Amino acid sequence: MNISGSICALATPFGNDGGLDLDAFGRLIDQQIAGGTQAVVVAGSTGESHFLDHHEFDRLLVFAVERVAGRIPVIAGTGEAGTAKTVAMTQRARDLGADVALVVAPFYVRPTQEGMRRHFLAVADEGGLPVILYNVPPRTGCDIAPETTAVLRDHPAIVGIKEARGDAERIRATAELVREDFVYLSGDDGSAHQAMLAGAAGTISVVANLVPEAFRQLCDVARSGDADRTARLVGRLAPLIDALNCAPNPIPVKAGLAALGLGSAAPRLPLIELESGPALSRLRETLAALAPLASAA
């Protein structure tokens with residue numbers, strides 16, 4: 001299975017009643033595939049996974065698997081703070097048809113490196129799916145060290161890492177871990193081009209929800225090693241990436257999706273909708289400016 005290129009961390013659209021809006025979700029998936037997205041993540045952090053009950057998780061994942069119909073890989077977010085819960089969620093995702101599990105580092109509990117090593121090995125041993133590690137220290141309170149990743153990649157079921165640290169040293173250290181059976185995926189839209197130029201196989205993106213064609217173009221060019229053309233494409237996308245930093249993810253991207261007619265702008269509490277004002281106006285303006293560039297090289 002080829003997990004590379006432009007991968008979208010799908011938002012979960014909700015209706016005005018607060019329930020799942022599967023009609024909007026289906027249109028979002030269709031838009032992604034038409035725009036060249038090469039895999040999708042369902043029920044990740046952008047998809048408000050921790051606000052979904054088990055029934056909603058099941059409905060969302062089954063719907064995505066059926067809608068995608070094998071055209072691209074479906075990656076399920078299955079990470080929990082506890083190992084037993086993570087194993088159970090991964091097994092459930094396997095049974096519902098997911099191709100791969102995206103497993104975030106245990107959040108809030110702040111495990112040691114040895115604790116994380118044992119955690120991910122247990123998920124890989126018992127979960128029944130290929131595993132992509134997910135490192136995002138600002139959200140979890142812990143950092144999967146490159147030395148730990150170097151050990152974990154020897155497990156045949158651990159196939160890659162989504163590394164959301166975008167500093168130059170971490171990009172370099174993670175790129176050095178790449179090999180034929182272990183991929184590096186950026187988890188930070190702002191530095192994803194730098195990671196791909198350094199050897200990352202692709203990126204799991206938030207901004208791709210809004211501009212899948214433009215983001216696919218960026219991934220293709222950056223992965224080819226063309227630094228000059230990459231810089232031009234980054235220049236086009238940078239205003240939108242910056243606009244999405246106005247509030248915690250997924251608040252801004254849901255506002256953008258609402259502007260595109262893809263569900264309500266409201267996330268679930270304790271997150272709240274992006275209020276009217278300069279930030280929302282800027283987001284809408286940058287989306288409108290990018291529309292004619294969506295199919296431009």
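Heavy-atom basis, side chains included; hydrogens, waters and symmetry copies ignored. Predicted model only: the values in this text are computed from it and were never measured.
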**Q** Donor-acceptor pair, Q32 side chain versus A208 backbone, under 3.5 Å?
**A** yes
**Q** Where the side chain of R110 meets the backbone of P106, is there a donor-acceptor pair that is under 3.5 Å apart?
**A** no
**Q** If you define the side chain from C-beta out and look only at heavy atoms, does anything of F182 sit under 4.5 Å from I158?
**A** yes
**Q** Would you say the ring centroid of H155 lies under 6.0 angstrom from that of F120?
**A** no
**Q** How far apart are the C-alpha atoms of C246 and R282, what are their side-chain angles, what is the distance that settles it, and do they pass the side-chain contact (heavy atoms from CB on, under 4.5 Å) test?
**A** CA-CA 10 Å; C246 67; R282 181 187 176 205; 5.9 Å; no
**Q** Does a sphere of radius 6.0 Å around CD in E275 hold more than 12 heavy atoms from other residues, nucleotides or ligands, not counting ones at 6.0 Å or beyond?
**A** no
**Q** Is any side-chain heavy atom of C219 less than 4.5 Å from a side-chain heavy atom of M196?
**A** yes
**Q** Same cluster or not: V62 versus L52, using hydrophobic residues (I, L, V, M, F, W, Y) connected whenever any side-chain heavy atoms lie under 4.5 Å apart?
**A** yes
**Q** Once you round to the nearest 0.5 Å, how far does CD1 of I72 lie from CD1 of I75?
**A** 9.0 Å
**Q** To the closest 0.5 Å, what do you measure between CG (L290) and OG1 (T286)?
**A** 6.5 Å
**Q** Looking at L283 and G256, what are the two nearest heavy atoms and their distance?
**A** CD2-N, 3.7 Å
**Q** Kindly determine whether T46 and N249 satisfy side-chain hydrogen bond (donor to acceptor under 3.5 Å, both in side chains), including the steps that lead there.
**A** CA-CA 6 Å; T46 301; N249 184 46; 2.9 Å; yes
**Q** Between N135, D143, T174, which is the residue that forms a side chain to side chain donor-acceptor pair (under 3.5 Å) with R165?
**A** D143
**Q** Identify the heavy atoms of L271 and P250 that sit nearest to each other, and give their distance.
**A** CD1-CD, 3.6 Å
**Q** Between F14 and D21, is the side-chain contact (heavy atoms from CB on, under 4.5 Å) condition met? List the steps.
**A** CA-CA 5 Å; F14 299 125; D21 185 346; 5.6 Å; no
**Q** L96 and side-chain contact (heavy atoms from CB on, under 4.5 Å): which single residue from V42, D58, L60, V65 fits?
**A** D58
**Q** Is the shortest side-chain heavy-atom distance between V100 and I132 below 4.5 Å?
**A** yes
**Q** Check whether any side-chain heavy atom of P146 sits under 4.5 Å from a side-chain heavy atom of R170, and report yes or no.
**A** yes
**Q** Compare every heavy atom of V87 with every heavy atom of A122, then report the nearest pair and how far apart it is.
**A** O-CG2, 4.0 Å
**Q** L244 and L210: side-chain contact (heavy atoms from CB on, under 4.5 Å), yes or no, with the steps?
**A** CA-CA 11 Å; L244 291 175; L210 304 175; 4.0 Å; yes
**Q** Okay, side chain of N209, backbone of A9: is any donor-acceptor separation there less than 3.5 Å?
**A** yes
**Q** I'd like to know if R179 and D154 make a salt bridge, using a cut-off of under 4.0 Å between side-chain N and carboxylate O.
**A** yes
**Q** Return the CG to CD distance between D220 and Q217, rounded to the nearest 0.5 Å.
**A** 8.0 Å
**Q** Can you confirm whether L185 sits close enough to I161 that some side-chain heavy atom of one is under 4.5 Å from a side-chain heavy atom of the other?
**A** no
**Q** Carefully, step by step, assess T12 and E48 under the rule side-chain hydrogen bond (donor to acceptor under 3.5 Å, both in side chains).
**A** CA-CA 7 Å; T12 300; E48 299 177 73; 5.8 Å; no
**Q** Ignoring hydrogens and geometry, is there a side-chain-to-backbone donor-acceptor pair from Q38 to S6 under 3.5 Å?
**A** yes
**Q** Quick one: does any side-chain atom of E66 pair with a main-chain N or O of F63 as donor and acceptor, under 3.5 Å?
**A** no
**Q** May I ask you to decide if T203's main-chain N or O and S186's side chain share a donor-acceptor pair within less than 3.5 Å?
**A** no
**Q** Can you tell me how far apart CZ (F51) and CZ (R268) are? Round to the nearest 0.5 Å.
**A** 9.5 Å
**Q** Quick one, L61 and V74 - any side-chain contact, counting heavy atoms below 4.5 Å?
**A** yes
**Q** To the nearest 0.5 Å, what is the distance between NE2 (H193) and CZ (F215)?
**A** 10.0 Å
**Q** Identify whether V159 and L177 are in the same connected component of the hydrophobic contact network (ILVMFWY, side-chain heavy atoms under 4.5 Å).
**A** no
**Q** For the hydrophobic clusters of this structure (ILVMFWY residues joined by side-chain heavy atoms under 4.5 Å, transitively), does one cluster hold both L129 and Y134?
**A** no
**Q** Give the intermediate values and the outcome of side-chain hydrogen bond (donor to acceptor under 3.5 Å, both in side chains) for residues T83 and H119.
**A** CA-CA 6 Å; T83 302; H119 170 81; 2.7 Å; yes
**Q** Hey, are S224 and D226 close enough side-chain-wise for a donor-acceptor pair under 3.5 Å?
**A** no
**Q** Is the backbone N or O of A259 less than 3.5 Å from a side-chain atom of R284, with the two atoms forming a donor-acceptor pair by type?
**A** no
**Q** Does the distance from a Lys or Arg side-chain N to an Asp or Glu carboxylate O, for R172 and E169, drop under 4.0 Å?
**A** yes
**Q** Main chain of I144, side chain of T148: is a donor-acceptor contact present, judged purely on distance under 3.5 Å?
**A** no
**Q** Does a donor on one side chain sit under 3.5 Å from an acceptor on the other, for E80 and T86?
**A** no
**Q** Between D189 and S205, do the side chains contain an N or O donor and an N or O acceptor separated by less than 3.5 Å?
**A** yes
**Q** Can you confirm whether I7 sits close enough to V40 that some side-chain heavy atom of one is under 4.5 Å from a side-chain heavy atom of the other?
**A** no
**Q** Is it true that R232 and D228 have a side-chain N and a carboxylate O under 4.0 angstrom from each other?
**A** no
**Q** Using a 6.0 Å cut-off, check whether atom CZ of R92 has over 12 heavy atoms from anything other than its own residue.
**A** no
**Q** Minimum heavy-atom separation for T37 to C8, with atom names?
**A** CG2-N, 3.8 Å
**Q** Decide yes or no on side-chain contact (heavy atoms from CB on, under 4.5 Å) for L133 and T149, but give the supporting numbers first.
**A** CA-CA 8 Å; L133 314 174; T149 303; 4.2 Å; yes
**Q** Which distance, rounded to the nearest 0.5 Å, do you find between the CD1 of I204 and the CG of D188?
**A** 12.5 Å
**Q** Would a distance-only check, ignoring hydrogens and angles, find a side-chain to backbone donor-acceptor pair under 3.5 Å from T112 to G115?
**A** yes
**Q** Any ion pair linking E56 and R59 (charged N to carboxylate O, less than 4.0 Å)?
**A** no
**Q** Does the side chain of L152 come within less than 4.5 Å of R117's, by heavy atoms?
**A** yes
**Q** Under a 4.5 Å side-chain heavy-atom rule over Ile, Leu, Val, Met, Phe, Trp and Tyr, are L233 and V211 clustered together?
**A** yes
**Q** Are L240 and L274 connected in a single hydrophobic cluster, I mean Ile/Leu/Val/Met/Phe/Trp/Tyr linked by side-chain heavy atoms less than 4.5 Å apart?
**A** yes
